[in-house]
Amino acid sequence: QVQLVESGGGLVQAGGSLRLSCAASGRTLSSYAMGWFRQAPGKERVFVSAISRNGGWTLYADSVKGRFTISRDNAKNTVYLQMNSLKPEDTAVYYCAAGNSPTFRSGPYRYWGQGTQVTVSS
């Protein structure tokens, strides 16, 4: 069992940056591949990025490629999502998730955080 807590969300102007953190407690984070997903109001939750257990492999949605960077510090039991050049369409609740493989599919992720709100103003 692992508990995930996201932080770092907030209100930012278009073109700005935010760094989200996902802190894990319980089982060590290095046991899991990690993913970030987001859900905008009235829309389904969608994939943003994923990272392998050791951080050596990453995956990004086309909509964030080149702007967002996922990373992890297993010693700190934390995963990060650095978000640059933010756009109003990036506004959503962002969730981190832990699972067995770094996939774009939400189903394989077993554990989820409660989410953190990111709002990008134009």
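Since the model is a prediction, treat every value here as computed from it, not as a measurement.
Scanning both residues, S17 and S85, for their nearest heavy atoms gives OG-N, 4.3 Å. Heavy-atom minimum distance, W112 versus S106: CZ2-O, 3.6 Å. Scanning all heavy atoms of the two residues, the minimum distance from A14 to P88 falls at CB-CD, 4.1 Å.
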Legend entry - Worked check of salt bridge (charged side-chain N to carboxylate O under 4.0 Å, His left out) between D62 and K65: CA-CA 5 Å; D62 287 343; K65 202 172 293 183; 3.1 Å; yes

Inset, instruction - Before giving the answer on side chain to side chain contact (heavy atoms under 4.5 Å, CB included), spell out for S63 and R38 the whole-Å C-alpha distance, their side-chain angles and the decisive distance to 0.1 Å. - result: CA-CA 12 Å; S63 58; R38 67 187 182 186; 3.5 Å; yes

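A heavy-atom distance below 4.5 Å is not found between the side chains of N84 and R19. In this structure, the side chains of P102 and L59 stay at 4.5 Å or more apart for every pair of heavy atoms.
At most 12 non-hydrogen atoms from other residues, nucleotides or ligands lie less than 6.0 angstrom from CG of N100.
Annotation for L18: hydrophobic cluster partners, listed by chain and number, are V2, L4, V12, L20, L29, Y32, M34, W36, V48, I51, Y60, V64, F68, I70, V79, L81, M83, L86, Y94, Y111, V118, V120 (ILVMFWY side-chain heavy atoms under 4.5 Å, direct or chained).
In this structure a side-chain-to-backbone donor-acceptor pair under 3.5 Å is missing from T69 to Q82. Side-chain atoms of T103 come within 3.5 Å of backbone N or O of R105 as a donor-acceptor pair. In this structure a side-chain-to-backbone donor-acceptor pair under 3.5 Å is missing from Y109 to C96.
Taken to the nearest 0.5 Å, the SG atom of C22 stands 9.5 Å off from the CZ atom of R72. Note that CD of Q117 is 12.0 Å distant from CD of E6, once rounded to the nearest 0.5 Å.
There is a side-chain donor-acceptor pair under 3.5 Å between T28 and S30.
Judged by a 6.0 Å distance limit and a 45° cone about the ring axis, R45 is not positioned over the six-membered ring of F37.
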